[in-house]
There are 4 protein chains.
Amino acid sequence: MKLHPLSESSEKPQGRRDKRQLILDAAVRVFARMGYHGARVSDIAREAGIAYGLVYHYFRNKEEILGTIFEDRWARFLDAVENVACSRTSTREKLTSIAALILGGYRVQPDWVKVLVLEIQRSSRFAEPGQIRAVGRLFQSVERILREGQEQGALRDGFDPDVASQLFIGGLEIAVTARVLGVTRAGDGESEDEYCARVARTVVDLFFDGVRAGGVA
Amino acid sequence: MKLHPLSESSEKPQGRRDKRQLILDAAVRVFARMGYHGARVSDIAREAGIAYGLVYHYFRNKEEILGTIFEDRWARFLDAVENVACSRTSTREKLTSIAALILGGYRVQPDWVKVLVLEIQRSSRFAEPGQIRAVGRLFQSVERILREGQEQGALRDGFDPDVASQLFIGGLEIAVTARVLGVTRAGDGESEDEYCARVARTVVDLFFDGVRAGGVA
Amino acid sequence: MKLHPLSESSEKPQGRRDKRQLILDAAVRVFARMGYHGARVSDIAREAGIAYGLVYHYFRNKEEILGTIFEDRWARFLDAVENVACSRTSTREKLTSIAALILGGYRVQPDWVKVLVLEIQRSSRFAEPGQIRAVGRLFQSVERILREGQEQGALRDGFDPDVASQLFIGGLEIAVTARVLGVTRAGDGESEDEYCARVARTVVDLFFDGVRAGGVA
Amino acid sequence: MKLHPLSESSEKPQGRRDKRQLILDAAVRVFARMGYHGARVSDIAREAGIAYGLVYHYFRNKEEILGTIFEDRWARFLDAVENVACSRTSTREKLTSIAALILGGYRVQPDWVKVLVLEIQRSSRFAEPGQIRAVGRLFQSVERILREGQEQGALRDGFDPDVASQLFIGGLEIAVTARVLGVTRAGDGESEDEYCARVARTVVDLFFDGVRAGGVA
DNA sequence: GATGAATGAGCTTTCATTCAT
DNA sequence: AATGAATGAAAGCTCATTCAT
């Protein structure tokens with residue numbers, strides 16, 4: 001059983017890079033609670049238990065904190081996605097794994113996903129080429145899986161992998177957002193794990209088989 | 001040929017509500033250009049050609065402007081969606097119409113959609129019950145179409161209409177966002193209209209038939 | 001009897017430009033008391049009896065206040081100097097008048113001269129071309145007087161008017177600085193007026209006759 | 001041929017006082033480049049190639065650095081001036097030597113003189129009794145030379161040596177400041193040395209003979 | 001002596017909002 | 001209705017100074 005790539009290591013940090021990480025972790029919690037614009041640098045410092053000015057020792061300004069939060073963990077997340085894309089399993093299993101990664105993120109790091117969905121995605125940074133490109137890599141990974149599926153004959157020809165990747169990821173993003181906003185939740189007697197697995201399966205099923213009656217011969 | 005519900009009426013406004021509308025229109029342009037937080041009330045006033053104190057005659061505060069922008073046009077948009085949902089056409093046509101509505105919004109009102117996607121969606125207002133409910137009505141309309149499709153036998157049973165509506169709308173939302181961010185664009189020699197129609201068709205096709213090889217008998 | 005050009009008009013300001021002037025006058029007092037760097041914008045606002053932010057309604061920043069203080073009054077001072085330079089009196093009287101203008105400034109506007117001598121002169125602005133040029137005009141006026149004196153035969157040939165203007169003004173500047181710093185002061189039973197007149201006369205005498213014994217035939 | 005008293009000794013410093021001197025020299029360069037207020041302690045430390053905490057081992061605070069810069073070299077300069085004052089030469093030669101000392105400082109130590117003229121002179125320290133007294137000693141030396149000249153009959157009676165010393169030094173100060181600010185410079189084909197000597201001679205000539213026509217019998 | 005992480009008071013500046021006219 | 005001067009809370013950021021190592 002593998003850990004989710006966003007799950008935090010539990011080691012107590014004590015070296016020199018630690019204060020920096022302390023600040024990042026505190027910032028994630030504070031941004032999740034108050035939003036990026038609502039959070040003051042002093043809030044982050046207090047949450048991290050350090051002095052105000054130290055934040056500026058490690059980061060040029062507040063925005064760099066948000067940017068770093070994104071870059072650090074998004075890279076880890078992308079690695080996991082790309083590992084899946086390269087793995088030697090069926091197309092369906094690959095897409096199911098990716099769906100689980102996306103949906104599971106919220107279970108493992110609700111604050112971080114909240115910040116990603118509500119703050120980073122809509123910060124001015126998000127519109128920057130670098131960030132768009134980073135996000136684009138997720139789409140490209142999925143596109144590649146779809147294209148390989150077509151080549152192997154597992155997926156039908158005749159659909160645009162580009163648009164299809166948007167449909168797939170867009171559906172999952174809405175599901176995560178709905179979860180973050182509290183619109184949907186796990187059913188009674190259903191664990192978070194089970195909930196994620198169920199939704200991932202449902203999305204992949206839909207994505208594979210479509211909604212049309214008689215679609216499956 | 002029907003107008004898109006977001007297309008602006010061309011009547012020159014001249015009554016008393018006019019200044020109010022002037023402010024709203026100016027705000028849409030300014031928010032699109034500078035973002036909600038980057039826009040000052042004075043920027044909106046200058047764009048509208050009025051004194052900035054006057055803004056406070058018509059709106060309690062800056063946030064109310066954003067809220068009003070959303071409510072005004074979202075209501076019009078929802079009406080159009082619900083009209084489609086009630087219309088006496090096939091499920092496929094209904095979904096295609098809705099896809100065209102969503103995708104066409106950017107063509108008709110790029111600034112407004114930009115503000116909706118980049119600002120409103122991530123404002124704290126968006127997390128308010130009222131706004132979530134308003135957005136929820138879009139999902140419910142689609143859900144209803146899907147459920148009716150299942151009842152009529154046009155769509156297969158065995159998928160959750162709730163999750164399916166998320167997949168459908170999520171896919172479209174990503175497509176619109178990609179358009180807003182300039183990641184995708186119309187192909188060479190393709191008009192905006194044709195582009196929208198093509199993407200709408202592709203999404204509906206995928207949503208109907210899935211990606212699985214042999215899915216279509 | 002003419003007023004010194006730096007003496008303030010006594011009219012109570014009440015129009016719209018007044019707040020601006022109120023701020024400038026307050027700033028002169030505060031800068032004189034605490035120095036430019038020691039003065040906070042809030043000190044100026046309090047001294048002027050206005051709200052903090054209003055300062056930024058009239059001035060871009062603190063430095064612009066200092067610059068405006070200099071420009072406003074230095075222009076008035078230069079006018080007076082240039083009037084003297086153009087007047088139809090003897091060279092000696094012209095130089096005596098200018099000496100009196102320079103020395104009298106401190107009597108009439110001690111705060112302003114203090115700010116000029118201690119703050120403006122050494123601010124980074126002072127090293128700016130515009131400001132150097134403005135100060136240069138004082139030297140040029142004196143130079144012109146000296147050159148005309150040479151042409152008219154009132155002054156001997158054989159000295160460089162450029163260096164001579166530096167000697168003349170430099171001497172007066174030191175005298176003023178010494179006064180500002182409290183190193184020198186009026187003698188017992190001597191009014192400020194008399195003190196200025198006496199020093200002005202002494203400087204001009206020295207400048208005219210030199211220190212050499214037998215210099216006067 | 002004697003060295004200018006401000007010229008730096010060329011010995012490589014290697015004892016314990018060295019770091020201290022390293023800091024002072026670095027500070028002179030940094031203050032000259034960025035101004036006292038514009039220079040951060042860390043800038044000085046970087047220029048000196050040391051950790052910036054170390055600065056506080058050698059100096060109580062930033063201001064003490066400025067003060068030390070002044071005191072160290074001013075003392076050396078004053079010694080030179082007082083040597084001249086005591087020397088057994090003519091009054092004219094004494095004043096010419098002092099003029100050369102003042103003017104030559106910029107040639108030998110442009111950074112230091114820049115800091116003296118632009119920073120120290122206008123720092124709050126400068127208004128402190130100790131510093132005023134130190135500067136006053138320069139005036140007193142000149143005054144003493146003038147008084148002795150009067151007693152010996154080389155200079156005429158009937159002028160106030162106090163005001164005369166201000167005229168003399170003030171003129172030189174302006175000349176140096178103009179040099180520092182780049183307003184004046186050596187003529188074509190004139191070395192810095194020659195330039196200094198020429199201006200020194202001109203100032204002394206003027207100071208001795210005055211500007212009046214017929215002043216020299 | 002030497003380091004540089006840590007501190008935090010205090011600054012300038014911004015700008016939503018109020019209000020007298 | 002309309003103006004824009006006036007308000008002042010609040011925020012980001014700087015940097016001299018301290019201190020543990």
Side-chain angles (χ1 to χ4, degrees), chain A residues 15-20 22-23 37-46 48-65, chain B residues 16 18-20 23 36-46 48-65, chain C residues 15-20 22-23 37-46 48-65, chain D residues 16 18-20 23 36-46 48-65:
Chain A
R16 33 184 101 132
R17 284 242 87 101
D18 299 342
K19 281 281 165 61
R20 190 188 151 90
L22 215 56
I23 294 170
H37 279 103
R40 286 162 294 183
V41 174
S42 64
D43 293 322
I44 298 172
R46 194 179 326 108
I50 58 157
Y52 195 91
L54 193 57
V55 173
Y56 288 89
H57 198 77
Y58 291 99
F59 301 94
R60 201 189 315 280
N61 52 39
K62 196 171 125 178
E63 205 197 337
E64 197 179 88
I65 300 176
Chain B
R16 31 185 108 130
D18 299 344
K19 280 278 167 62
R20 188 188 155 90
I23 294 170
Y36 174 74
H37 279 102
R40 285 161 295 182
V41 173
S42 64
D43 293 320
I44 298 172
R46 194 178 326 109
I50 57 160
Y52 70 90
L54 193 56
V55 172
Y56 288 88
H57 265 276
Y58 293 99
F59 302 94
R60 199 191 318 279
N61 53 36
K62 193 172 134 180
E63 207 197 338
E64 197 181 84
I65 300 176
Chain C
R16 35 184 100 135
R17 285 242 88 100
D18 299 343
K19 280 282 164 58
R20 190 189 151 90
L22 214 57
I23 295 170
H37 280 102
R40 286 161 296 183
V41 174
S42 63
D43 294 320
I44 299 173
R46 195 179 325 109
I50 57 157
Y52 200 92
L54 192 57
V55 173
Y56 289 89
H57 197 76
Y58 290 99
F59 301 94
R60 202 191 314 280
N61 52 38
K62 195 171 123 179
E63 205 197 337
E64 197 179 86
I65 299 176
Chain D
R16 27 184 110 128
D18 299 345
K19 281 278 167 62
R20 188 187 153 90
I23 294 170
Y36 175 74
H37 279 102
R40 284 162 296 184
V41 173
S42 64
D43 293 319
I44 299 172
R46 195 180 324 111
I50 58 160
Y52 72 89
L54 194 55
V55 172
Y56 288 86
H57 265 275
Y58 293 98
F59 301 94
R60 199 192 318 278
N61 53 38
K62 192 173 136 182
E63 207 196 336
E64 197 179 83
I65 300 176

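Throughout, protein chains are lettered first and strands after them, A, B, ... in sequence-line order, and every chain is numbered starting at 1. Worth saying up front: this structure is predicted, and the values here are computed from it rather than measured.
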Whole Å only: how far is the [atom1] atom of [X] from the [atom2] atom of [N]?
{"X": "R46(A)", "N": "dT7(E)", "atom1": "CZ", "atom2": "P", "answer": "14 Å"}
{"X": "I23(B)", "N": "dA16(E)", "atom1": "CD1", "atom2": "C1'", "answer": "15 Å"}
{"X": "F59(C)", "N": "dT14(E)", "atom1": "CZ", "atom2": "P", "answer": "15 Å"}
{"X": "I44(D)", "N": "dC15(F)", "atom1": "CD1", "atom2": "P", "answer": "12 Å"}
{"X": "R20(C)", "N": "dA5(F)", "atom1": "CZ", "atom2": "C1'", "answer": "15 Å"}
{"X": "L54(A)", "N": "dG12(F)", "atom1": "CG", "atom2": "P", "answer": "16 Å"}

How far does [atom1] of [X] sit from [atom2] of [Y], to the nearest 0.5 angstrom?
{"X": "E63(D)", "Y": "Y36(D)", "atom1": "CD", "atom2": "OH", "value": "5.0 Å"}
{"X": "L22(A)", "Y": "I44(A)", "atom1": "CG", "atom2": "CD1", "value": "12.0 Å"}
{"X": "F59(D)", "Y": "R20(D)", "atom1": "CZ", "atom2": "CZ", "value": "4.5 Å"}

Which heavy atom of [X] sits nearest a heavy atom of [Y], and at what distance?
{"X": "V55(B)", "Y": "I23(B)", "result": "CA-CD1, 4.1 Å"}
{"X": "Y52(A)", "Y": "A45(A)", "result": "CA-CB, 3.9 Å"}
{"X": "Y56(A)", "Y": "N61(A)", "result": "CE2-CA, 4.0 Å"}
{"X": "Y58(B)", "Y": "K19(B)", "result": "OH-CB, 3.4 Å"}
{"X": "H37(D)", "Y": "K62(D)", "result": "O-NZ, 4.0 Å"}

Looking at dA6(E), I'd like to know if its phosphate oxygens (OP1 or OP2) sit under 4.0 Å from a side-chain N or O belonging to K19(A).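 Yes, because at least one side-chain N or O of K19(A) sits under 4.0 Å from OP1 or OP2 of dA6(E).
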Looking only at side-chain N and O atoms, does Y58(C) come under 4.0 Å of OP1 or OP2 in dA5(F)?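 So the side-chain polar atoms of Y58(C) never come under 4.0 Å of the phosphate oxygens OP1 or OP2 of dA5(F).
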Residue closer to the 5' end of DNA chain E, V55(D) versus I50(A) (nearest nucleotide):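 Looking at DNA chain E, the more 5' nearest nucleotide goes with V55(D).
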Protein proximity profile, nucleotides 16-21 of chain F - base contact B, sugar-phosphate-only contact S, no contact -, cut-off 4.0 Å on heavy atoms: SBB---
Using a 3.5 Å limit on both pairing distances, list the dot-bracket string of DNA chain F from the 5' end; Watson-Crick and G-U wobble pairs count, crossing pairs take [ ], interstrand pairs take |. .||||||||||||||||||||
